[in-house]
Amino acid sequence: MMNFDTLTTWRDAGLEDLLELAAEMKARDYRSDVAKGKVLGLIFFNPSLRTKVSFETAALHLGAGSTIIHPGSGSWPLETRTGAVMDGNKTEHIREAVGVLSEYCDIIGVRAFATMTDRFDDEGDTLIRRIVEYANVPVINLESANEHPCQGMADWLTLREAFPGGSAGRSFVLSWAPHPNPLPMAVPNSALEVAIRCGMDVTLACPPEYLPGEGRLGYLRSLAEEKGSYFDISHDQEQGFRDADVIYAKSWAAQSLIYDRPDEEASLRRETYRNWTVTEAKMSMTNQARFMHCLPVRRNVVVTDKVLDGDQAIHIQQAGNRLHVQKAILMQLWKLSL
Ligand code: CP
């Protein structure tokens with residue numbers, strides 16, 4: 001059974017087919033009843049604006065229905081641990097919940113962020129892995145501990161649109177940014193993977209403590225080698241910005257500190273590196289770079305109003321593309337054609 005739980009198991013050709021389909025559906029403003037009678041089940045362990053609305057809209061545009069579950073809020077609180085003694089406040093185990101939803105729904109989408117407290121579960125993306133194991137229908141990752149593949153595909157479509165002549169060889173900078181809260185690695189992981197797969201010259205600009213974990217970094221390095229893409233790391237943000245064609249801003253927590261020394265991590269993220277906010281002055285060092293962000297974004301913390309409201313910002317288009325790539329993903333997983 002085909003899932004869209006991780007980009008890592010999809011070949012470039014399969015992802016490029018998805019992008020072609022998404023681009024065609026976007027161009028045609030495609031709406032039909034091609035998926036009439038099918039149901040998309042969406043489990044949200046965490047909040048969402050874009051993912052929730054774009055998936056419901058995608059289902060509607062294809063003639064399918066959708067149902068949303070927020071565990072513990074209008075539906076039973078779900079236990080996610082294997083072997084748990086369920087004598088606390090969790091009423092139902094995901095094993096039953098996902099098994100039952102598979103009886104009703106034709107695809108299950110799951111959002112389950114990183115715990116930020118359990119390194120093993122987060123680095124292994126164990127919850128989404130378990131849900132794939134328990135489901136009897138295709139599973140879509142709506143952002144797990146380690147990946148946000150639907151966001152990654154929307155980013156890829158946006159890069160294609162930004163550089164109609166091809167994004168290969170263009171300079172892509174993923175810039176870490178300050179934030180009041182410790183955010184997970186899913187978006188930066190997927191953004192880097194997509195930019196490398198596009199053949200872009202990729203720079204990860206982040207303070208030294210904010211490198212991805214060794215496992216992920218190793219994967220990205222070997223992917224870049226396989227694709228012949230340039231992938232480098234800079235701890236000097238302004239040097240990273242010089243002549244960039246794309247600035248993708250995102251905050252995340254320092255993997256080296258968050259599990260063992262969260263107070264120290266918070267102080268770095270909120271105070272020491274506060275000057276990593278993306279500003280007009282920094283953007284002026286670039287090659288008229290497009291500004292990207294997955295949203296939601298903290299204005300004047302991650303990036304200034306002037307950059308977000310300026311001509312180079314393409315974050316709304318980027319969010320809009322969630323709808324089109326997700327329509328394509330539903331079509332592929334349901335084996336439907338236009
Ligand atoms: N980018 C993204 O996934 O947005 P939401 O968290 O609002 O779904």
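The figures that follow rest on heavy atoms only: side chains count, while hydrogens, waters and symmetry mates do not. Ligands are counted one by one from 1 in listed order, and the atoms in each one are counted from 1 as well. This one's a predicted model, so the numbers in the text were calculated from it and none came from an experiment.
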Is the shortest heavy-atom distance from the side chain of Trp156 to the side chain of Glu161 under 4.5 Å?
no
Is there a donor-acceptor pair under 3.5 Å between the side chain of Asn141 and the backbone N or O of Asp5?
yes
side-chain contact (heavy atoms from CB on, under 4.5 Å) between Cys206 and Leu211, worked out
CA-CA 7 Å; Cys206 64; Leu211 287 171; 4.0 Å; yes
Should the pair Arg81-Asp121 be classified as a salt bridge under the 4.0 Å nitrogen-to-oxygen rule?
no
So the atoms of ligand 1 within less than 4.0 Å of a heavy atom of Leu49 turn out to be 5 (P), 7 (O), 8 (O)
Report the C-alpha separation of Met331 and Leu18 in whole Å, then their side-chain angles, then the decisive distance to 0.1 Å, and conclude whether the side-chain contact (heavy atoms from CB on, under 4.5 Å) test is met.
CA-CA 9 Å; Met331 293 284 285; Leu18 276 175; over 6 Å; no
Could you tell me whether Arg50 and ligand 1 have an N or O pair separated by under 3.5 Å?
yes
Could you check which of Lys52, Arg111, Gln151 puts a non-hydrogen atom nearest to atom 6 (O) of ligand 1?
Arg111
So if I count the atoms of ligand 1 from 1 in the order they appear, which ones are less than 4.0 Å from some heavy atom of Arg322?
1 (N), 2 (C), 3 (O)
Under 30°, 30 to 60°, or over 60°: which ring-plane class applies to His293 and Phe291, parallel, tilted or perpendicular?
parallel
Element-labelled atoms of ligand 1 that are located less than 4.0 Å from some non-hydrogen atom of Cys294
1 (N)
Give the numbers and elements of all ligand 1 atoms closer than 4.0 Å to a heavy atom of His148.
2 (C), 3 (O)
Atoms of ligand 1 close to Leu295 [distance to a heavy atom under 4.0 angstrom, numbered from 1]
1 (N), 2 (C), 4 (O)
